[in-house]
Protein chains: 2
Amino acid sequence: MTKPAKGAPVLPLDTVLPGDCIEVMNRLPEESVDLIFADPPYNLQLRGDLHRPDNSRVDAVDDHWDQFDSFAAYDAFTRDWLKAARRILKPNGAIWVIGSYHNVFRLGAELQNQGFWILNDVVWRKSNPMPNFRGKRLTNAHETLIWASKSEGAKYTFNYEALKALNEGIQMRSDWVLPICTGHERLKDGRGDKAHPTQKPESLLHRVLVGTTNPGDVVLDPFFGTGTTGAVAKMLGRNYIGIERETTYRDLAARRLSRVRKLDAEALTVTASKRAAPRVPFGQLVERGLLRPGEVLTSPRGKTARVRADGTLVGEDVKGSIHQVGAAFEGAPSCNGWTYWHFRRDGKTVPIDRLRQQIRDEMADRPN
Amino acid sequence: MTKPAKGAPVLPLDTVLPGDCIEVMNRLPEESVDLIFADPPYNLQLRGDLHRPDNSRVDAVDDHWDQFDSFAAYDAFTRDWLKAARRILKPNGAIWVIGSYHNVFRLGAELQNQGFWILNDVVWRKSNPMPNFRGKRLTNAHETLIWASKSEGAKYTFNYEALKALNEGIQMRSDWVLPICTGHERLKDGRGDKAHPTQKPESLLHRVLVGTTNPGDVVLDPFFGTGTTGAVAKMLGRNYIGIERETTYRDLAARRLSRVRKLDAEALTVTASKRAAPRVPFGQLVERGLLRPGEVLTSPRGKTARVRADGTLVGEDVKGSIHQVGAAFEGAPSCNGWTYWHFRRDGKTVPIDRLRQQIRDEMADRPN
DNA sequence: AGCTCGAATGAATCGTCCC
DNA sequence: GGGGACGATTCATTCGAGC
């Protein structure tokens, strides 16, 4: 670890520092931090209210700290805090930033402009995202993290084997499926509402810190919020430094951190869960060209239906999913379309389930 | 479709145009294209001093098609081709770009700078990516697409129900699991090697075009390569315009396209949105005797209102349309009266929307 | 205690038409 | 173009009430 020169500022470990993150970082000794994890404001630019189909109102992120006047203002802010972060980062240190499409392109471009060297972009695929209530866009089901070293050629920390172990013996990929932060983990305010609008799940920080830091490293989070980075760092035996402007969040973080205990090595072992057979939408067979739009499927009793480009079927007087059309043909309340429908290949009649199995086999070879 | 003014350039449909995409786009009529799909060079071999601004023009790109002197040169190139693309895009048109972490942050930022309005970023999660052989980083298992309208508030095309059908009845998410282009689909050169280094899978384009264009739309691809965009567009009954500088790729694309057949109309028909269904005034239910004046309707929470002869409702202290009275009862800004109100028949509680569906079915049987 | 069912909720750039 | 009316639209998970 770099030792500060005589008279130089000292690195305050395992504390939450109040104030603006740029000013606070500028008072810290240069090249003293191993990892920076930053979850900056996203600049969401929300307009009106949004309601669910049941008319309940969506609790939006309308906090003052997420408001910027323009892209130029947001870029200036990004430039300044990244520059301050860069100064305190050790030469072989690394940085993680997280964002959504609202801000992540500006984050990534500025990282590159300042000479950071992007190692991976990582997609946090949310297993339970909020749906798109109006049906006007795709479900916004992921956020993006960028992992970068301080410069090209720097010797960053990467615990390849640890991440491989976390992933059941297979090399960790750049897409991580993790649930959003809910339930007991989600900090509440006095009235039982969420204490912070954008609290990140500890599982996400767990993977980041296990994969790219070592025990004893110093991890700094300039947008500390309610302290998820600190909580996981402490648990994993890393040192943390949090910076947070809002008193409310700082107090919550301090209380939270006081309750966290460092895990012993044995407790850090993760139990792997068996995953169920992945769901394969019928439409994927069409997209992948395993079945052509217009192709005729037959039922065991000789009924026929044609495949459409969106993965629905059209039979006589009926259209819908493979299950719906099958059920209608049989006059049954339900029907497993996968085993009901067949197609012809090389003179043989084959159930479409064979094609689903083919896709599942591909996924099993290279799971996650 | 916008008709070109007398003497204005004509839109060449279903062809592959030779030349530099910026020059070629600048010769096309403005506001004439419905969708642009762009897979620009990835700038994979970045080197050089990032602090030395390189003001060289796009033409300064050297012999290798994916090499640029610096981020500045890449940004200038991005700015120029996006500007040309923007000019030929219809006001309600949209653009897709695809990239990796090497270039996508610069693409996204420049899209925003030019006034494009990002609708989603989409992660193409590769089910069979190339592993990271040296174990120094995460497996780079995805690429990023950005979907943007020409401006905020523009009426872009989004076939919500078709994508939902492709995904077995659950709304499509922003992460798409699709295999990379291999096997028969991968075009080979004379020696049996891959003909193009970054050929995209047709499944990816299938989802893009089914979801965000309609049959007959004009789809332009300024970096056409071996013509995946054109092949899927032709198959799906969309018109394509490809631009490609390299003769080799153009020839391969032309041969490929000549073999593609357009699907028949039925296969192209896609599950439609309810928004397209004919409007049925509530009063028509009363006129037709499906509901009697004076009849009592109930809400899910037990509120009641009575039907009047003119198709309005009267509740306690409120009268007006089914929507207005529902909204007033719920204290909500708006309410869909069709799903909110129920009536009783044969001892069962039925939403009035059932009656509207009955009328719509009759209209479909005997269209007028 | 165990089960079922309903309510609540999450970083969201979430209408369209007609007058 | 502004304002008002119509009316389209949700997935996974957790927690608590009620039985």
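The basis for the numbers below is simple: all heavy atoms, side chains too, and nothing from hydrogens, waters or symmetry mates.
Side-chain contact check for A:D310 and B:T271: at least one donor-acceptor pair (N or O, by modelled atom type) lies under 3.5 Å. In the model, B:Q114 has a side-chain atom that pairs as donor or acceptor with a side-chain atom of B:E110 under 3.5 Å. Between the side chains of A:E246 and A:H64, at least one donor N or O lies within less than 3.5 Å of an accepting N or O. Side chains of B:Q357 and B:D361: a donor on one and an acceptor on the other come within 3.5 Å. Side-chain polar atoms of A:R106 and B:Q112 form a donor-acceptor pair below 3.5 angstrom. Looking only at atom types and distance, the side chain of A:D121 has a donor-acceptor partner in the side chain of B:H142 under 3.5 Å away. If you check the side chains of A:H102 and A:S100, you find a donor sitting under 3.5 Å from an acceptor.
The separation between A:D193 atom CG and C:dA8 atom C1' is 11 Å, rounded to whole Å. Taking atom CZ on B:F158 and atom C1' on C:dT13, their separation rounds to 15 Å, with Å as the unit. Separating the CZ atom of A:R191 from the P atom of C:dA8 is a distance of 17 Å, rounded to the nearest angstrom. Straight-line distance from the CD1 atom of A:I180 to the P atom of C:dA11: 5 Å, rounded to whole Å. Atom pair B:R173:CZ and C:dG10:C1' shows a separation of 13 Å (rounding to whole Å applied). Atom CD of A:E143 is separated from atom C1' of C:dA11 by 6 Å (rounded to the nearest Å). Distance, A:R57 CZ to C:dT9 P: 11 Å, rounded to whole Å.
On the P atoms, C:dC14 is 22 Å away from D:dG4, given to the nearest whole Å. Taking the C1' atom of each, C:dA12 and D:dA5 are spaced 25 Å apart, rounded to whole Å. When the P atom is used for both D:dA17 and C:dA1, the distance is 15 Å, rounded to whole Å. Separating the C1' atom of D:dG7 from that of C:dA11 is a span of 28 Å, rounded to the nearest Å. C:dT13 and D:dT13 have their C1' atoms separated by 25 Å, given to the nearest Å.
Nearest-nucleotide positions on DNA chain C place A:G192 closer to the 5' end than the other of A:G192 and A:F71. Two residues, A:Q45 and A:N128, neighbour DNA chain C, and the one matched to the more 5' nucleotide by heavy-atom proximity is A:N128.
A:N140 has a side-chain polar atom (N or O) that falls below the 4.0 Å cut-off from OP1 or OP2 of C:dT13.
At a threshold of 4.5 Å between non-hydrogen side-chain atoms, the residues A:N103 and A:L44 do not count as touching.
Pairs engaging residues 271-287 of chain B under the salt bridge (charged side-chain N to carboxylate O under 4.0 Å, His left out) rule: none recorded [sequence neighbours left out].
Nucleic acid contact class of A:P179 (heavy atoms, under 4.0 Å, all strands): none. Counting any heavy atom pair closer than 4.0 Å across all strands shown, B:I118 reaches a base atom. B:C335 comes within 4.0 angstrom of a nucleotide base, judged by non-hydrogen atoms across all strands. Contacts of B:E161 with the nucleic acid, taken as non-hydrogen atoms under 4.0 Å apart, involve only primed sugar atoms and P, OP1 or OP2. Base engagement by A:P40 is indicated by at least one non-hydrogen atom pair under 4.0 Å involving a base atom. Contact annotation for A:D39: base contact, defined as any heavy-atom pair under 4.0 Å involving a base atom. The residue A:S127 sits close only to the backbone: its heavy atoms come under 4.0 Å of sugar-phosphate atoms, none of a base. Residue-level contact check: A:K200 touches the bases, meaning some heavy atom is under 4.0 Å from a base atom.
A salt bridge links A:E202 with A:R256: the distance from a Lys NZ or Arg NE/NH1/NH2 to an Asp or Glu carboxylate oxygen falls below 4.0 Å.
Residues meeting the side-chain hydrogen bond (donor to acceptor under 3.5 Å, both in side chains) test with B:R308, sequence neighbours left out: B:T312. Judged as a ring pair (Phe, Tyr, Trp, His ring centres under 6.0 Å), and not counting sequence neighbours, A:F133 has no contacts. The side-chain hydrogen bond (donor to acceptor under 3.5 Å, both in side chains) search around A:H51 returns none, not counting sequence neighbours. The side-chain hydrogen bond (donor to acceptor under 3.5 Å, both in side chains) test applied to A:D189 returns A:R191, not counting sequence neighbours. Shown here are the side-chain hydrogen bond (donor to acceptor under 3.5 Å, both in side chains) partners of B:Q171, two or more places apart in sequence or in another chain: A:T139, B:Y160.
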Could you run down nucleotides 14-19 of chain C 5' to 3' and tag each one B, S or - for protein heavy-atom contact under 4.0 Å?
BSS---

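Ring pair A:W338/A:F282 is perpendicular by interplanar angle, where above 60° counts as perpendicular and below 30° as parallel. Between A:Y74 and A:F68, the angle of the ring planes goes over 60°, which puts this pair in the perpendicular group of the 30/60° scheme.
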Identify the pairs formed between an N or O of the protein and an N or O of nucleotides 2-4 of chain C at a distance under 3.5 Å, and give each distance.
none

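At distances below 3.5 Å, at least one donor-acceptor pair connects side-chain atoms of B:D217 with backbone N or O atoms of B:N214. Formation of a donor-acceptor pair under 3.5 Å by the B:Q324 side chain with backbone atoms of B:S321 is found in this model.
Think of the region where chain B sits on DNA chain D: with heavy atoms and a 4.0 Å cut, that region ends 5' and 3' at D:dA5 to D:dC11.
Annotation: proximity of residues 96-107 of chain A to DNA chain D (heavy atom, distance under 4.0 Å) is found for no residue. Residues from residues 298-325 of chain B that place a heavy atom under 4.0 Å from any atom of DNA chain D, listed by number: B:S321, B:H323, B:Q324.
For D:dT14, the base is anti relative to its sugar; the glycosidic angle deviates from 0 by more than 90°.
With rounding to the nearest 0.5 angstrom, the CG atom of A:L138 is 13.5 Å from the NZ atom of B:K164.
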Give DNA chain C the dot-bracket treatment, 5' to 3': Watson-Crick (N1-N3 with N6-O4 or O6-N4) or G-U (N1-O2, O6-N3) under 3.5 Å, [ ] crossing, | other strand.
.|||||||||....|||||

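Checked against B:W96 for a ring-ring contact (aromatic ring centres under 6.0 Å, His included), the options B:W147, B:W124, B:F37 give a single hit: B:W147.
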